[in-house]
Amino acid sequence: MWKSSARTLKVWRSYKQGRSLNGTSVGQLCPEVILKSWIFLLELCFVMETVLKSRCDEQHPHQAEDFHGKQEQNGKLSAGIKKDIEKLYEAVPQLVNVFKIKEKIGEGTFSSVYLATARLQTGHEEKMALKHLIPTSHPLRIAAELQCLTVAGGQDNVMGVKYCFRKNDHVVIVMPYLEHESFLDVLNSLSFEEVREYMFNLFKALRRIHHFGIVHRDVKPSNFLYNRQLKEYALVDFGLAQGTPDTKIELLKTAHSEDQQEDSVHHSVQRSVFGERNFNVYSSMYQENSSTKLTKQSKMIDVSSRKLVTKKKITSTKTVSNGAARKAASGCPSNLTCDCYATDRVCSVCLSRCQQVAPRAGTPGFRAPEVLTKCPTQTTAIDMWSAGIIFLSLLSGRYPFYKASDDLTALAQIMTVRGSRETIQAAKTFGKSVLCTQVVPAQNLRTLCEKLRGTNSSCKRSQGEVPSKSVNDSALPVPVDKPCAPETLGKQIQHLKSFQEGDDALEMKATDMKGWDQVPDEAYDLLDKLLDLNPATRITAKEALLHPFFKDMRL
């Protein structure tokens, strides 16, 4: 093993020192070699611990036989999970002699997570989380995730990594296990002080990864583990992470370039993200006989002179690059122009445009406006927006707060809280044009959250505060036809409106308030800064930790 891994160790040392190997830069190395180098480092630590464990086994032979013998799975496990565990043992046989896999505790698009116990060094059992990456994951992406965990992880509430195993195209990352509660289960039982501690620790984790130039891109409650009793936290899952231009994680730069190359390939294959539909992508149904389907304009119409129309109180949103509304796609005849600008439909000319290449990772409901509008330049600010959505759920007691079937609906939902004019103005700052057929006023965040939670804060409001607006019909768009206003938007609107009725039923008893009747203005000031529609002025994690909301908390 040592001899066969000599070159791998040499590659890893060269990378760590920032040197090239035989005139070849690390960025030019085969992804397979880079992945092997990182896994070898972690396996090296594992071998050392295994030696110590084997010595313990010699001292406790009966315990060793019992641990390494054929493990019977918990009878409560379903047949499907048992089969998955058996397949994992077969795929990565190194796991059999060390880990006893108890159950599957998570399953995502790119990986599955299992709870296992391991007996190392002293002979006592220790709980571990085994993350099995799907075989189709790119080696560079896996290596980049490992580097994030090894460089930035292990402190400030960021999950670290203990070992990594590989067999052919199967990779298993071993991490410490943090027993945690479901966000939805504890949401409405948390005291205000617990919410403050939760957000403070989330910002500590984000400050840590942003310091290394890591953009997580999928910040959400299920990726920020929380042990309420022990007050322990852990930011997990860097499978979608990207690097900033000055990132200290070199492999993220390489992984990002690989992603861009994949996205820039002509759209011969449509890839669905999280099972969502995107109504503005190039559709193959328009490839055939496109010349007969495109609508020919008899004359140019001045776009600025068109009037915004309101049809049955429809709110429709559409995002395009500045000036693109006046241009036909490069593959279309030059005399054909868009005729759907500022209307509640998408014409065939717009449908035939080439899709814009831009990162669009994340989970529906947590994507920032610049992600929804496919802004090509995305920074750590997208993580802060997601943190703001989490804070919004905590203050309002509603989760998920936003739930949309596509990006346009998601943008419309953001407008119902932050306002249509504000959204349009912010989009201009990052080179996008957003159209809305109805003026939607911004909501007062305190009024909205207190209405949804069913509380009335008795704390003294700051002088000169703008009178709060109620959640009324005029502030909310009425959903009609897809794709501009899918019925999911209607459910979200009804979700907000339903709490206007029966206030008495929602009011908490004074003894059960847990500090929710004394929420300071600083909380909503921080929320407002987190949900800043302009990423350039959105508050950073470092600034958030210094916000007056956390004035008596130690860093």
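- Atom OG of Ser405 and atom CG of Leu408 lie 9.0 Å apart (nearest 0.5 Å).
- Formation of a donor-acceptor pair under 3.5 Å by the Arg367 side chain with backbone atoms of Gly362 is found in this model.
- Here the CD1 atom belonging to Ile424 is positioned 8.0 Å from the OG atom belonging to Ser433, to the nearest 0.5 angstrom.
- Judged by distance alone, with hydrogens and angles left aside, the side-chain atoms of Lys432 form a donor-acceptor pair with the main-chain N or O of Thr373 at under 3.5 Å.
- Side-chain contact check for Lys403 versus Pro364: every heavy-atom pair is 4.5 Å or farther apart.
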Can you give me every donor-acceptor pair (side chain of residues 179-187, partner residue at least two apart or in another chain, under 3.5 Å) with its distance?
| unit_1 | atom_1 | unit_2 | atom_2 | d |
| --- | --- | --- | --- | --- |
| His180 | ND1 | Leu178 | O | 2.7 |
| Glu181 | OE1 | Arg228 | N | 2.9 |
| Ser182 | OG | Leu184 | N | 3.4 |

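- Between the CZ atom in Phe224 and the OH atom in Tyr226 there is a gap of 9.5 Å [rounded to 0.5 Å].
- Of all non-hydrogen atoms in Ile414 and Pro369, the two that sit nearest each other are CD1-CG, 4.3 Å.
- Ionic pairing of Asp84 and Lys104 is present here: one or more N-O contacts between side-chain nitrogen and carboxylate oxygen are shorter than 4.0 angstrom.
- Under 3.5 Å, the side chains of Thr409 and Asp406 contain a donor-acceptor pair of N or O atoms.
- Between the side chain of Gln147 and the backbone N or O of Leu251 there is at least one donor-acceptor pair closer than 3.5 Å.
- Taken to the nearest 0.5 Å, the NE2 atom of His170 stands 11.0 Å off from the OG atom of Ser137.
- No side-chain heavy atom of Leu395 sits under 4.5 Å from any side-chain heavy atom of Leu392.
- Looking only at side-chain heavy atoms (C-beta outward), Asn157 and Leu235 stay at 4.5 Å or farther from each other.
- By the 4.5 Å heavy-atom criterion applied to side chains, Leu225 and Glu232 are not counted as neighbours.
- No side-chain heavy atom of Leu252 sits less than 4.5 Å from a side-chain heavy atom of Phe238.
- Between Met175 and Lys162 the shortest side-chain heavy-atom distance does not fall below 4.5 Å.
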Which donor-acceptor pairs under 3.5 Å do the side chains of residues 543-555 make with protein atoms, sequence neighbours left out?
| unit_1 | atom_1 | unit_2 | atom_2 | d |
| --- | --- | --- | --- | --- |
| Glu543 | OE1 | Thr540 | N | 3.1 |
| Glu543 | OE1 | Thr540 | OG1 | 3.4 |
| His547 | ND1 | Phe549 | N | 3.0 |
| His547 | NE2 | Asp525 | OD2 | 2.7 |
| Asp552 | OD1 | Arg196 | NH1 | 2.8 |
| Asp552 | OD1 | Arg196 | NH2 | 3.0 |
| Asp552 | OD2 | Arg196 | NH2 | 3.3 |

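- For Phe212, there are no ring pair (Phe, Tyr, Trp, His ring centres under 6.0 Å) partners two or more places apart in sequence or in a different chain.
- In this structure, Arg453 is positioned above the aromatic face of Trp516, its NZ or CZ under 6.0 Å from the six-membered ring centre and within 45° of the axis.
- With salt bridges taken as basic N to acidic carboxylate O contacts below 4.0 Å, one links Glu450 and Arg446.
- Side chain of Glu194 to backbone of Ser191: a donor-acceptor contact under 3.5 angstrom is found.
- At least one side-chain heavy atom of Glu197 sits less than 4.5 Å from a side-chain heavy atom of Glu193.
- Of all the heavy atoms in Arg538 and Ala368, the pair that sits closest is NH1-CB, 4.0 Å.
- With sequence neighbours excluded, no residue forms a ring pair (Phe, Tyr, Trp, His ring centres under 6.0 Å) with Phe430.
- When every heavy atom of Met159 is checked against every heavy atom of Pro176, the shortest pair comes out as CE-O, 3.5 Å.
- Residue Lys542 holds its NZ atom at 15.0 Å from NZ of Lys204, rounded to the nearest 0.5 Å.
- Between Ile214 and Ala241, the closest heavy-atom pair is CG2-CB, 4.0 Å.
- For the residue pair Ala541 and Phe203, the shortest heavy atom distance occurs at CB-O, 3.8 Å.
- Nearest approach of Leu531 to Arg418, heavy atoms of both residues: O-NE, 3.1 Å.
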- request: Start with the C-alpha gap between His210 and Asp383, add the side-chain angles, then the distance that decides, and say whether side chain to side chain contact (heavy atoms under 4.5 Å, CB included) holds.
  value: CA-CA 9 Å; His210 293 171; Asp383 291 342; 3.0 Å; yes
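- Qualifying side-chain contact (heavy atoms from CB on, under 4.5 Å) partners for Ser386, counting only residues two or more places apart in sequence or in other chains: Val219, Phe366.
- Side chain of Arg217 to main chain of Leu240: a donor-acceptor pair is present (N/O by atom type, distance under 3.5 Å, no hydrogens or angles).
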message: Please evaluate residues Ile390 and Ser393 with respect to the criterion side chain to side chain contact (heavy atoms under 4.5 Å, CB included), reporting the C-alpha separation (whole Å), side-chain torsions for both, the decisive distance (0.1 Å), and the verdict.
response: CA-CA 5 Å; Ile390 295 176; Ser393 285; 5.8 Å; no
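- Residues forming a side-chain contact (heavy atoms from CB on, under 4.5 Å) with Asn223 (at least two apart in sequence, or on another chain): His216, Asp218, Lys220, Val236, Asp237.
- At least one side-chain heavy atom of Leu394 sits less than 4.5 Å from a side-chain heavy atom of Leu190.
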task: Using the side chain to side chain contact (heavy atoms under 4.5 Å, CB included) rule, take Tyr198 and Tyr233 through it: C-alpha gap first, then chi angles, then the decisive distance, then the call.
output: CA-CA 8 Å; Tyr198 181 99; Tyr233 310 82; 4.1 Å; yes
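- No donor-acceptor distance shorter than 3.5 angstrom exists from the side chain of Ser396 to the backbone of Cys449, with no hydrogens or angles considered.
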query: Stepwise, does the side chain to side chain contact (heavy atoms under 4.5 Å, CB included) test hold for Val171 with Leu133?
result: CA-CA 6 Å; Val171 174; Leu133 304 176; 4.2 Å; yes
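- Judged by distance alone, the side chains of Asp532 and Thr537 do bring a donor and an acceptor atom under 3.5 Å apart.
- Put simply, CG on Asn188 and NZ on Lys514 are 9.5 Å apart, with the number rounded to the nearest 0.5 Å.
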